[in-house]
Amino acid sequence: METKYKNVMCGNITKELSGKDVVIAGWVHQIRDLGGKKFIVVRDFSGVVQVTISKDSAPKDLLDIAEELTFESVVQVRGFVKEDPRAPRGVEIVPYEIKLLNVAKKPLPLDVSGKVPADIDTRLRERVLDLRRAEMRAVARISDTALKTIREVLRGYGFIEVFTPKIIASATEGGASLFPVIYFGKEAFLAQSPQLYKELLAAAFERVFEIAPAWRAEESDTPYHLAEFISIDIEAAFMNYEDVMKILENVVYEVMKAVKEENEDDLKTLNYTLPDISLPLPRIKYIDAIKMLRDKGVSVEPGEDLSITHLRILSESIESPLYFIVEFPTKIRAFYTKPKDDDPTYSESFDLVWKHLELASGSSRIHKKDQLVEALKERGLNVESFSFFVKWFDYGMPPHAGWGMGYSRLLLMLTGRSNVKEVTLFPRDKKRLTP
RNA sequence: GCCGCGGUAGUAUAGCCCGGCUAGUAUGCGGGCCUGUCGAGCCCGUGACCCGGGUUCAAAUCCCGGCCGCGGCGCCA
């Protein structure tokens, strides 16, 4: 779209535009001064294009402005497209006029052009410059493809997109710590999951999904945890865990397919190849996973939760990079998880694992009130504080199931990066509240 | 929170084990040369040892404490 500032994106300038006048706007990516010629590489979100100035023929005021340019200064260039085999991609812009819209200070606290690497700590501190780097623009585009595809696939299954409240009353859900907020003088908390509300919505709209932030005030200090993260959640009435697993593996499959098709260049920029998977994904029962580990000499007892170390070892003996672990012990899962009818020690639950990383987890949910109250009591939770939730189990709560997936973890698989902070635009962790 | 490793110019690193007085390199920055670069090249210059204490004639280097970072765990609907 043509705007007040530009009529074409740098990456879209091709030989077909040869001879045409264009206006581009972007950041000064590189400057190469060769005596008689000066090359200015201008970058926008789409890519880069070279602006070539011949010092003998260019007007003086243009040369003066060219002298003032610094890396990451914002410029608008009006000129004509010239086909030239010596130029990158065979085209360049010969400028009539360069407008300096904003001069960048020097030196930059981070190299945007990719010549000098930076530590993750420096990158997050200088995040906006870091996000301009080719790798991060690729991550952003892959992320967008993934989001778009997730929504398309879920809508294809008849899910509708919803939002659940993020300020909640109850801190007594057990497990993770919550961030307290003051809500009109009352104590409230930031939601750590849409779980309970999405279940209630499934009792009204049958199939719902939400892509939204969640917060956990955990001590967790790892490359896989954030204090604020995006959770992709679905909840569906009249489905069980096997039904929603099929939806989950299809979502992931379609996302990987879309990224392969639509982000070929981005994957190349990231020097990453997506893993190949075929459906259905392997489904390994928890108890069999324990056996496999014990056969390998790992000391792990049935009933114990699987740690990341266990998953690392387990993934070595599973040919698929993505797999499900199913039917966890009931007592290590959340209270709303439905136990198996034939063996209540185990539950209708699953985790989706990529190598050693848990991407998603889900289950059939309890839909009978008595059973739910019992499950709360067994975990030592205060039934009264869940009354806002339990109440609706008196009025037509259907059988239902769902899952939640950590978005930044999915992005790790899609981009080949190793730290969720890297693929989160402005990550919030225990020690980072800015930028 | 525990364990491990680390903190050297704006950025990224070498030097540290085996202490020695111009702290090297790349990139950046300033200046110069060069009509086609594309990680441009060449020449000159510029800029740094996390903080505090200790050992020593002498500390970037060894020791202690602190702060900060990264990784491995733990914690984790």
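Throughout, protein chains are lettered first and strands after them, A, B, ... in sequence-line order, and every chain is numbered starting at 1. Just so it is clear, the values below take in all heavy atoms, side chains as well, and ignore hydrogens, waters and symmetry mates.
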Would you mind classifying the nucleic acid contact of A:T122 as base, sugar-phosphate or nothing, using non-hydrogen atoms under 4.0 angstrom? sugar-phosphate
Say you pick atom C1' in B:rG20 and the same atom in B:rC16; how far apart are they, in whole Å? 14 Å
Across all strands shown, which nucleotide pairs with B:rC29 by Watson-Crick or G-U wobble geometry, both distances under 3.5 Å? B:rG45
Look at A:N419 and B:rC70 and indicate whether a side-chain polar atom (N or O) is within less than 4.0 Å of OP1 or OP2. no
Measure all distances between protein nitrogen or oxygen atoms and nitrogen or oxygen atoms of nucleotides 28-32 of chain B, and list the pairs falling under 3.5 Å.
| residue | atom | partner | partner atom | Å |
| --- | --- | --- | --- | --- |
| B:rG28 | OP1 | A:K115 | NZ | 3.0 |
| B:rG30 | OP1 | A:K106 | NZ | 2.1 |

Presence of A:R125 side-chain N/O under 4.0 Å of B:rU11 phosphate oxygens OP1/OP2: yes
With respect to the phosphate group of B:rA12, does any side-chain polar atom (N or O) of A:R123 fall under 4.0 Å of OP1 or OP2? no
Go nucleotide by nucleotide along RNA chain B from the 5' end; which of A:K430 and A:G36 gets its closest nucleotide reached first? A:K430
Could you state the NZ-P distance from A:K38 to B:rC33, rounded to the nearest angstrom? 13 Å
Non-hydrogen atoms of A:V77 and A:V42 that approach each other most closely: CG2-CG2, 4.5 Å
Establish, with yes or no, whether the OP1 or OP2 oxygen of B:rC73 is under 4.0 angstrom from a side-chain nitrogen or oxygen of A:T309. yes
How about NZ on A:K20, more than 12 heavy atoms from neighbouring residues, nucleotides or ligands closer than 6.0 Å, or not? no
Parallel under 30°, tilted from 30 to 60°, perpendicular over 60°: which one fits the rings of A:F393 and A:F389? perpendicular
Hey, is the side chain of A:R432 poking within less than 4.0 Å of OP1 or OP2 on B:rC70, counting only N and O atoms? yes
Would you mind reading off the distance between A:D221 atom CG and B:rC73 atom P, rounded to a whole angstrom? 13 Å
Provide the distance between the two C1' atoms, one in B:rC21 and one in B:rC2, to the nearest whole Å. 42 Å
A:E210/A:Y197 under side chain to side chain donor-acceptor pair (under 3.5 Å): CA gap, chis, key distance, verdict: CA-CA 11 Å; A:E210 179 176 31; A:Y197 284 98; over 6 Å; no
Separation between the C1' atoms of B:rA59 and B:rC63, rounded to whole Å: 11 Å
Using a strict cut-off of less than 4.0 Å between a Lys/Arg side-chain nitrogen and an Asp/Glu carboxylate oxygen, indicate whether A:E348 and A:R333 qualify as a salt bridge. no
